[in-house]
A.B. asks: 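First the structure, then my questions, so here it is.
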There are 2 protein chains.
Amino acid sequence: MDEGAAAERSRRRAKRVSMADVARLAGVSSQTVSRVSNGHPGVVAATRQQVLAAMRELGYRPNSAARALKRGEFRTIGVVLFTLSTTGNVRTLEAIASSAAHEGYATTLLPVAAPTHDEVRGAFTRLGELAVDAFIVIMEVHLLDAATVELPPGVQVAVADSNAGDRYSVVDTDQAGGSYAAVNHLLELGHRTVWHLAGPEESFAAQRRADTWRAALEDAGRPVPEMLRGDWSADSGYRAGLRLAEESGCTAVFAANDQMALGLLRALHEMGRAVPEEVSVVGFDDIAEAGSFMPPLTTVHQDFAEVGRMLVQGVLRQLRSESTEPGTTLVPTWLVERSSTAPPPGADRTDSAET
Amino acid sequence: MDEGAAAERSRRRAKRVSMADVARLAGVSSQTVSRVSNGHPGVVAATRQQVLAAMRELGYRPNSAARALKRGEFRTIGVVLFTLSTTGNVRTLEAIASSAAHEGYATTLLPVAAPTHDEVRGAFTRLGELAVDAFIVIMEVHLLDAATVELPPGVQVAVADSNAGDRYSVVDTDQAGGSYAAVNHLLELGHRTVWHLAGPEESFAAQRRADTWRAALEDAGRPVPEMLRGDWSADSGYRAGLRLAEESGCTAVFAANDQMALGLLRALHEMGRAVPEEVSVVGFDDIAEAGSFMPPLTTVHQDFAEVGRMLVQGVLRQLRSESTEPGTTLVPTWLVERSSTAPPPGADRTDSAET
DNA sequence: CAATGCGATGTTTACGTAAACATACCGCGT
DNA sequence: ACGCGGTATGTTTACGTAAACATCGCATTG
């Protein structure tokens with residue numbers, strides 16, 4: 001076992017083909033191999049072919065460690081995230097990975113087990129040792145705060161889902177715009193006011209959506225009902241829905257995400273409150289399934305793909321210009337009207353919300 | 001604050017702090033710094049403290065490229081996948097990333113833009129240059145086949161969602177077991193037969209589920225209805241549902257995933273076919289929202305976390321022992337009974353399916 | 001026809017780390 | 001007192017690549 005492992009290790013070591021090997025076989029210098037490998041000009045076609053043939057024969061593949069060491073860059077972007085259980089994170093990650101790939105960068109995942117300060121700090125410590133030129137954090141900023149001191153200097157950062165625009169380059173969807181559109185849509189349908197099922201307290205996005213909901217109501221001079229709170233899950237939406245169904249005055253609900261809206265719909269259905277005839281529901285996210293809810297959900301669409309793209313562009317720009325540009329970039333959101341909203345029961349006019 | 005940041009920035013690019021710098025400040029040799037950095041024994045406490053202090057002062061972080069070059073390994077696992085739009089892939093990736101992190105490995109994403117042969121080949125070519133010790137492929141194998149020749153030698157591979165067990169180490173959920181359980185559950189409720197809404201033809205998983213569905217019916221001596229086909233999306237489930245609602249003989253449907261089941265539920269609802277009173281529906285995946293469908297969906301649970309864990313264990317074992325062990329490992333699946341299934345209309349006895 | 005210039009290729013070197021080897025020192029036993 | 005064993009630390013070297021510099025040869029030109 002022991003000598004087996006040792007032998008295998010040496011075999012693997014021996015197996016590794018280097019430029020020198022290719023150069024020897026092709027009868028050229030290793031520098032020429034390097035030139036061919038990197039597509040540099042100044043290599044005559046015949047030589048190039050010879051080198052390429054030798055590469056193929058030996059199965060040469062460049063050693064990226066050596067390459068990175070020499071060049072001083074890894075061509076890799078690290079992504080720090082806490083969970084892949086929310087649509088937004090997944091969609092954003094997907095866009096990051098493909099944008100990065102498009103730019104010739106690899107994407108390395110740095111999962112943080114739990115969103116505690118210790119965990120985040122630990123992650124950043126590990127991150128300091130990671131083969132990464134820049135990284136993108138998809139996480140609440142109040143956790144980032146504590147970890148800031150640990151951030152390895154010399155690595156560019158961009159942040160999603162955060163309000164740290166004063167210190168980092170932040171890209172986020174237009175939470176306020178979307179929330180405002182959602183609430184106003186309901187008011188315009190004639191609802192007297194709108195209830196809100198918020199996301200967890202720790203979430204910046206949840207807070208921003210709730211704040212905007214409140215502001216929109218106050219702007220319109222409407223009463224602000226008590227806010228309910230969920231944890232993004234459909235179950236928490238269901239529980240909130242059971243309670244809302246008892247509120248006879250409740251004719252419109254703005255849920256902070258689609259999953260909770262799903263639970264809400266089920267609770268309302270089970271309690272015999274028809275959607276949208278008796279109660280209107282608006283969600284947030286526009287997940288792929290939203291159009292197949294019962295009824296199809298009116299919700300706020302977020303362009304996560306664009307967020308990912310902009311995040312990558314952001315860090316790469318920083319990387320190239322060597323400048324950090326704090327600031328927040330907002331990606332537009334818009335309301336997608338489906339069938340879960342309608343004028344409130346007893347409303348004769350569908351277009352006026354004048355009191 | 002500003003000049004601090006600026007200073008740091010210029011210091012960074014000008015020269016990254018190396019072991020030599022730390023060694024100079026601490027008044028020791030760089031080798032001693034290396035020993036401290038790697039926690040090697042044989043460094044007296046006083047010296048260690050001195051080195052650590054110097055590291056802190058200079059903000060030293062090891063250069064992983066140099067380290068990888070020297071050690072001959074990257075401590076990184078690459079994951080090749082086509083899409084993050086399916087629950088299974090996302091859950092699996094998440095588990096891979098956290099298992100890998102737990103083992104001290106980073107996870108690098110290699111997205112494949114489209115599941116075409118060319119794309120996959122290109123991905124593997126890029127992958128050959130990637131700083132990766134091993135990789136995991138989450139993709140249909142028939143695409144892998146064409147790319148096999150391109151697979152960089154000396155890199156360990158494990159595969160999910162595939163039937164390439166003869167050549168690679170494959171980990172998959174027990175598709176057959178789950179499908180069998182789903183069909184039998186419906187038969188035992190008293191349904192005469194079960195319809196099937198399959199996933200896309202290209203999908204190995206879809207094929208396996210369909211095959212098992214057919215086999216289970218044949219085993220029980222039941223008629224095999226015409227199979228419907230969707231593309232995993234809720235929309236395709238909806239379209240199939242519209243058609244099924246017209247089939248008066250249809251009392252039980254086994255959908256190949258939960259998203260399609262969702263669309264199915266909506267179509268049946270809109271067509272006035274009550275679930276589960278008139279039609280029973282079973283899904284596959286047990287996505288987080290399945291319990292909040294209307295009605296809550298009976299479905300087959302897949303333990304993607306376990307799949308990810310085993311994939312990582314698999315490649316790491318291969319890496320350490322340098323042996324490739326083809327073979328398929330199945331992770332158990334089980335039926336989660338919720339409220340979307342019931343005996344067929346007109347059935348008096350709920351336990352017997354005898355004709 | 002020789003000088004010149006430039007394109008093609010080779011040689012040297014440095015990147016930061018860590019293994020392997022080398023040395024210096026200390027305490028101990030005889 | 002002397003050497004011996006062992007430990008703490010220093011020195012050398014190699015990992016694979018690519019920039020910088022060096023060289024060679026051929027064609028163009030005065």
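Computed from heavy atoms alone, side chains included, the values below leave out hydrogens, waters and symmetry copies.
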A.B. asks: Quick check against the 3.5 Å criterion: does A/Asn38 have a side-chain atom that pairs as donor or acceptor with the backbone of A/Arg35?
C.D. replies: no
A.B. asks: Let me know the distance between CZ of B/Arg24 and P of D/dT11, rounded to the nearest Å.
C.D. replies: 13 Å
A.B. asks: My understanding is that only residues two or more places apart in sequence, or in another chain, count here; which of them pass side chain to side chain contact (heavy atoms under 4.5 Å, CB included) with B/Val90?
C.D. replies: A/Leu84, A/Val90, B/Leu84
A.B. asks: CG of B/Leu69 versus P of C/dA14: gap in Å, rounded?
C.D. replies: 17 Å
A.B. asks: Check whether any side-chain N or O of B/Ser99 sits under 3.5 Å from a backbone N or O of B/Ala95 as a donor-acceptor pair, and report yes or no.
C.D. replies: yes
A.B. asks: Would you mind writing out the side-chain donor-acceptor pairs for residues 306-315 of chain B within the sub-3.5 Å range, not counting sequence neighbours?
C.D. replies:
residue	atom	partner	partner atom	Å
B/Glu306	OE1	B/Arg309	NH1	2.3

A.B. asks: Between protein and nucleotides 23-28 of chain D, map the contacts as a letter string: B base, S sugar-phosphate only, - none, heavy atoms under 4.0 Å, written 5' to 3'.
C.D. replies: ------
A.B. asks: Note down the inter-axis angle between the two ends of the helix from C/dC1-D/dG30 to C/dT30-D/dA1, five pairs each, to the nearest 10°.
C.D. replies: 60°
A.B. asks: Strictly below 4.0 Å, heavy-atom distances to any atom of DNA chain D: list the hits from residues 32-43 of chain B, or just say none.
C.D. replies: B/Thr32, B/Arg35, B/Gly42, B/Val43
A.B. asks: If every non-hydrogen atom of A/Thr107 is compared with every non-hydrogen atom of A/Ala97, which pair is closest and at what distance?
C.D. replies: OG1-CA, 3.4 Å
A.B. asks: Counting heavy atoms from C-beta on, name the nucleotide in D/dG16, C/dA18, D/dA18 closest to the side chain of A/Arg67.
C.D. replies: D/dA18
A.B. asks: I need the CZ-C1' distance between B/Phe74 and D/dG16, as an integer number of Å.
C.D. replies: 10 Å
A.B. asks: For the atom pair CG (B/Leu109) and OG (A/Ser98), what is the distance rounded to the nearest 0.5 Å?
C.D. replies: 10.0 Å
A.B. asks: Starting the side chain at C-beta, find the nucleotide from C/dT17, C/dG10, D/dA18 nearest to A/Lys70.
C.D. replies: D/dA18
A.B. asks: Does B/Asn63 or A/Thr47 map to a spot on DNA chain C nearer the 5' end, using the closest nucleotide for each?
C.D. replies: A/Thr47
A.B. asks: Whole angstroms only, please: what is the CZ-C1' distance between A/Arg71 and D/dA19?
C.D. replies: 12 Å
A.B. asks: How close do A/Ser29 and A/Ala23 get, counting heavy atoms only, and between which atoms?
C.D. replies: C-CB, 3.6 Å
A.B. asks: Below the 4.0 Å mark, does C/dG10 have OP1 or OP2 next to a side-chain nitrogen or oxygen of A/Ser29?
C.D. replies: yes
A.B. asks: Rounding to a whole Å, what distance do you find between A/Asp21:CG and D/dT17:P?
C.D. replies: 9 Å
A.B. asks: Among pairs that include at least one residue of residues 92-103 of chain A, which meet salt bridge (charged side-chain N to carboxylate O under 4.0 Å, His left out), considering only residues two or more places apart or in two chains?
C.D. replies: A/Arg91-A/Glu94, A/Glu103-A/Arg320
A.B. asks: C/dT13 P sits how many Å from A/Met19 CE, rounded?
C.D. replies: 19 Å
A.B. asks: Using only atom types and a distance under 3.5 Å, with no angle test, would you say the side chain of A/Asp133 pairs donor to acceptor with the backbone of A/Glu73?
C.D. replies: no
A.B. asks: What is the distance from CZ of B/Arg48 to P of D/dT7, rounded to the nearest Å?
C.D. replies: 15 Å
A.B. asks: Measure the distance from CD on A/Gln50 to P on C/dA8 and round it to the nearest whole Å.
C.D. replies: 15 Å
A.B. asks: Go through C/dT17, D/dG10, D/dA18 for me and flag the one nearest to the B/Gln31 side chain.
C.D. replies: D/dG10
A.B. asks: Distance check, rounded to the nearest 0.5 Å: A/Tyr105 atom OH versus A/Ile96 atom CD1?
C.D. replies: 15.0 Å
A.B. asks: Which residue, B/Ala45 or B/Ala66, contacts DNA chain D at a nucleotide closer to its 5' end, judged by nearest heavy atom?
C.D. replies: B/Ala45
A.B. asks: Would you check if the side chain of A/Ser34 reaches a backbone N or O of A/Thr32 as a donor-acceptor pair within less than 3.5 Å?
C.D. replies: no
A.B. asks: Using a 3.5 Å distance criterion without hydrogens, assess whether the side chain of A/Thr92 forms a donor-acceptor pair with backbone atoms of A/Gly88.
C.D. replies: yes
